[in-house]
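The following block contains the structure, expressed as structure tokens.
Note: hydrogens, waters and symmetry copies are ignored here, and every other heavy atom, side chains too, is used.
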Amino acid sequence: MEERRDPPVRGGTHPPIPGGATLPTAQQAHLDYSGHADLCRQCRDIDRGRCDQGESLWRAWNAALDDAYRQLNPGRP
């Protein structure tokens, strides 16, 4: 069965961020990962694993999300 795949997102589709703006950690981590994935052939390919840098950025993004969740929901695992 052939899976439907969306075309890769074109670079520059994120709204511009004003100069000097400080983003929340989770949002910055997402931008770091997605910016890398936009440019990295291996990370763009859904059938391949992430490259070492992409894996590191993905883990950092997920750690930032977990931390944000813990801050929003104190006392929950």
ask   = If you look at every heavy atom in Trp61 and Ala29, which pair is closest and at what distance?
value =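 Reported closest heavy-atom pair: CA-CB, 3.6 Å.
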request  = Identify the heavy atoms of Asp45 and Asp47 that sit nearest to each other, and give their distance.
outcome  =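 It is OD1-N, 2.9 Å.
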remark   = CZ of Arg44 to NE2 of His36, rounded to nearest 0.5 Å, is 10.0 Å
ask   = Is it the case that more than 12 heavy atoms not belonging to Arg41 sit under 6.0 Å from its CZ atom?
value =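 For Arg41, atom CZ is not crowded (no more than 12 foreign heavy atoms under 6.0 Å).
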key: Contact summary for Ala26 and Ala64, nearest pair of heavy atoms   = CA-CB, 3.7 Å
query = What heavy-atom pair brings Leu23 and Leu31 nearest, and what distance separates the two atoms?
reply = CD1-CD1, 3.3 Å
ask   = Hey, mind stepping through Thr25 and Asp67 against side-chain contact (heavy atoms from CB on, under 4.5 Å) and telling me if it holds?
value = CA-CA 9 Å; Thr25 305; Asp67 187 49; over 6 Å; no
query = To the nearest 0.5 Å, how far apart are CG in Leu65 and CZ in Arg70?
reply = 10.5 Å
query = Which heavy atom in Cys43 sits nearest to a heavy atom in Cys51, and how many Å separate them?
reply =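 Taking every non-hydrogen atom into account, SG-N, 3.5 Å.
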ask   = What's the spacing between Gln42 CD and Gln53 CD if we round to 0.5 Å?
value = 11.5 Å
